[in-house]
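If you're wondering where the values come from, they're calculated on a predicted model, not measured in any experiment. What's counted below: heavy atoms across the whole structure, side chains too, no hydrogens, waters or symmetry copies.
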Amino acid sequence: MLKVPEHQVAGHIAIDGKLGPLVDDQGRFFKPLQDDARGENEAKFYESFSANKNVPDHIHRYFPVYHGTQLVEASDGSGKLPHMVLEDVVSEYSNPSIMDVKIGSRTWYPDVSEEYFKKCIKKDRETTTVSLGFRVSGFKIFDHQESSFWRPEKKVVLGYKVDGARLALKKFVSSNSPVESKSMPNCAFASEVYGGPNGILAQLLELKAWFETQTIYHFNSCSILMVYENDSMLMKGGDDAQMPRAQVKLVDFAHVLDGNGVIDHNFLGGVCSFIKFIQDILETDTSQLENGH
Ligand SMILES: O=P(O)(O)O[C@@H]1[C@@H](OP(=O)(O)O)[C@H](OP(=O)(O)O)[C@H](O)[C@H](OP(=O)(O)O)[C@H]1OP(=O)(O)O
Ligand SMILES: Nc1ncnc2c1ncn2[C@@H]1O[C@H](COP(=O)(O)OP(=O)(O)O)[C@@H](O)[C@H]1O
């Protein structure tokens with residue numbers, strides 16, 4: 001039985017009779033092929049990428065595993081539609097905090113229609129895409145005060161300027177209330193989630209190193225998904241203390257193009273800028289600990 005994903009934070013959502021992704025209870029994520037070139041383009045990307053021996057294994061692990069396409073009953077009631085069958089990257093988490101960050105200082109690319117270009121550039125200017133080389137598209141965090149999930153509205157997230165994006169990245173790793181009026185984010189989980197040999201920063205640096213040389217694909221309008229487990233944080237210090245299993249995955253390949261031997265400078269620049277934000281949060285956190293705060 002397929003159902004609407006509990007932990008989706010951006011993109012098209014399968015609610016109110018709309019077309020969107022579905023999940024099963026076997027850890028698979030079914031993303032419907034959009035009926036224009038986008039769906040076909042994304043499926044073509046997954047076919048090419050999953051078989052591409054020029055992509056090292058340690059890079060393959062940053063992408064959801066692809067299991068081909070399958071005809072399944074679509075969420076909008078329109079009957080059976082082809083869906084990409086992907087690894088559900090959050091299925092192994094019980095209380096995950098998740099953030100979707102769209103990378104690049106532009107989401108349009110050469111040869112798109114004038115109409116699409118205008119739509120993209122408007123959003124790119126209104127958000128932090130142009131100013132930062134990335135924008136937060138959506139996120140949900142586990143509110144440890146309320147023991148429930150907290151998720152800001154889409155229009156609020158898309159309204160973030162530089163400070164809003166920085167604050168969101170701090171909230172993402174904080175244990176105190178995410179509600180603005182209550183307190184400033186304490187970044188209590190920054191070192192476990194962003195830092196350490198297996199943390200988000202280490203993974204982003206590994207990805208960046210690949211983007212410094214890869215010229216196979218251009219990842220237009222693609223997102224970095226960050227996820228970690230909150231149950232491990234709740235048990236912190238106890239005998240059952242576990243790692244937060246922080247993970248970086250790339251998603252949304254509807255607009256990937258051939259790289260044609262050219263570096264993907266749009267993605268690379270965006271990821272460098274994003275890394276700097278994560279590093280700054282970690283550095284502030286470390287200096288506060290040293291000063292006994
Ligand atoms: O429909 P919208 O305006 O919400 O835009 C979608 C974007 O939402 P946003 O408002 O930027 O968060 C959405 O962005 P996110 O996945 O939410 O980051 C996609 O860019 C989507 O396009 P595509 O499926 O990648 O071709 C976008 O869908 P299309 O408008 O291209 O169908
Ligand atoms: N493989 C996946 N596993 C789990 N969640 C996913 C996966 N792919 C996407 N998602 C969720 O769906 C959201 C939208 O995905 P995306 O591919 O960007 O869709 P769209 O093309 O509709 O924008 C992501 O922000 C994430 O929350």
Side-chain angles (χ1 to χ4, degrees), residues 5-11 21 23-31 46 49-50 55-67 84-103 134 136-142 144 149-151 168-175 187-211 219 222-236 240-253 267 270-272 274-275 277-279 281-282 285:
E6 197 188 334
H7 301 300
Q8 186 179 343
V9 293
V23 289
D24 67 9
D25 55 6
Q26 310 285 309
R28 293 183 306 175
F29 186 92
F30 294 75
K31 181 170 175 182
Y46 270 114
F49 184 82
S50 54
V55 178
D57 288 347
H58 72 276
I59 295 302
H60 271 285
R61 79 180 171 99
Y62 290 114
F63 293 72
V65 177
Y66 175 64
H67 301 286
M84 287 166 272
V85 186
L86 306 172
E87 166 197 6
D88 179 354
V89 301
V90 300
S91 69
E92 306 267 300
Y93 294 78
S94 27
N95 278 314
S97 285
I98 307 166
M99 185 181 284
D100 180 314
V101 183
K102 201 185 274 284
I103 304 293
F134 67 87
V136 178
S137 281
F139 65 107
K140 66 187 269 188
I141 47 190
F142 191 75
H144 288 256
F149 283 101
W150 178 84
R151 186 178 168 179
L169 290 169
K170 288 183 175 176
K171 281 184 184 180
F172 188 62
V173 291
S174 291
S175 65
C187 296
F189 310 140
S191 56
E192 282 106 323
V193 175
Y194 288 156
N198 302 313
I200 299 283
L201 178 61
Q203 296 177 51
L204 290 172
L205 290 170
E206 190 170 44
L207 257 181
K208 180 184 87 129
W210 182 63
F211 274 92
F219 290 88
C222 162
S223 287
I224 281 179
L225 209 59
M226 301 192 288
V227 51
Y228 71 87
E229 177 61 66
N230 282 282
D231 280 2
S232 56
M233 301 306 185
L234 293 167
M235 289 190 269
K236 211 171 166 183
D240 292 332
Q242 296 163 14
M243 298 306 287
R245 293 187 288 132
Q247 265 202 89
V248 164
K249 292 278 182 190
L250 296 190
V251 295
D252 202 355
F253 308 111
F267 191 97
V271 91
C272 287
F274 185 55
I275 283 172
F277 271 66
I278 302 288
Q279 280 170 333
I281 293 172
L282 275 168
D285 185 51

Output, in order, the C-alpha distance, side-chain angles, deciding distance and verdict of side-chain contact (heavy atoms from CB on, under 4.5 Å) for Val251 and Phe29. CA-CA 12 Å; Val251 295; Phe29 186 92; over 6 Å; no
Determine whether Ile224 and Leu204 satisfy the following criterion, side-chain contact (heavy atoms from CB on, under 4.5 Å), listing intermediate values before the conclusion. CA-CA 9 Å; Ile224 281 179; Leu204 290 172; 3.7 Å; yes
Please name the pair of heavy atoms, one in [X] and one in [Y], separated by the smallest distance, quoted to 0.1 Å.
{"X": "Pro96", "Y": "Asn230", "result": "C-ND2, 3.8 Å"}
{"X": "Ser175", "Y": "Ala188", "result": "OG-CB, 3.5 Å"}
{"X": "Leu86", "Y": "Lys31", "result": "CD1-CB, 4.4 Å"}
{"X": "Ala10", "Y": "Ser137", "result": "CB-CB, 4.0 Å"}
{"X": "Ser50", "Y": "Tyr66", "result": "OG-CD2, 3.8 Å"}

Once rounded to the nearest 0.5 Å, what's the spacing between atom [atom1] of [X] and atom [atom2] of [Y]?
{"X": "His144", "Y": "Ser174", "atom1": "NE2", "atom2": "OG", "value": "9.5 Å"}
{"X": "Tyr194", "Y": "Leu282", "atom1": "OH", "atom2": "CG", "value": "8.5 Å"}
{"X": "Leu207", "Y": "Lys249", "atom1": "CG", "atom2": "NZ", "value": "10.5 Å"}
{"X": "Ile98", "Y": "Gln247", "atom1": "CD1", "atom2": "CD", "value": "11.0 Å"}
{"X": "Arg151", "Y": "Ile141", "atom1": "CZ", "atom2": "CD1", "value": "12.0 Å"}
{"X": "Met84", "Y": "Arg28", "atom1": "CE", "atom2": "CZ", "value": "15.0 Å"}

Distance-only, no hydrogens or angles: does the [X] side chain make a donor-acceptor pair with backbone N or O of [Y] under 3.5 Å?
{"X": "Tyr46", "Y": "Phe253", "answer": "no"}
{"X": "Glu229", "Y": "Asn95", "answer": "yes"}
{"X": "Ser97", "Y": "Tyr228", "answer": "no"}
{"X": "Asp252", "Y": "Ser223", "answer": "no"}
{"X": "Gln203", "Y": "Tyr62", "answer": "no"}

Any heavy-atom pair between the side chains of [Y] and [X] that's under 4.5 Å?
{"X": "Phe139", "Y": "Met226", "value": "no"}
{"X": "Val9", "Y": "Met99", "value": "no"}
{"X": "Ile281", "Y": "Phe172", "value": "no"}
{"X": "Cys222", "Y": "Phe267", "value": "yes"}
{"X": "Ile275", "Y": "Lys208", "value": "yes"}

State yes or no: are the ring centers of Phe63 and Phe49 separated by less than 6.0 Å? yes
Going through the checks in order, is the side-chain contact (heavy atoms from CB on, under 4.5 Å) test met by His58 and Trp210? CA-CA 10 Å; His58 72 276; Trp210 182 63; 5.5 Å; no
Between Arg245 and Asp231, is the closest basic N to carboxylate O distance under 4.0 Å?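 No salt bridge links Asp231 with Arg245.
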Residues in salt bridge (charged side-chain N to carboxylate O under 4.0 Å, His left out) contact with Arg61, at least two apart in sequence or another chain: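 Arg61 satisfies salt bridge (charged side-chain N to carboxylate O under 4.0 Å, His left out) with Glu206 only.
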Test log, rule side-chain contact (heavy atoms from CB on, under 4.5 Å), inputs Val101 and Phe274: CA-CA 9 Å; Val101 183; Phe274 185 55; 4.0 Å; yes
Consider ring-ring contact (aromatic ring centres under 6.0 Å, His included). Of Tyr93, Phe149, Phe142, which one does His7 pass it with?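 Passing option: Phe149.
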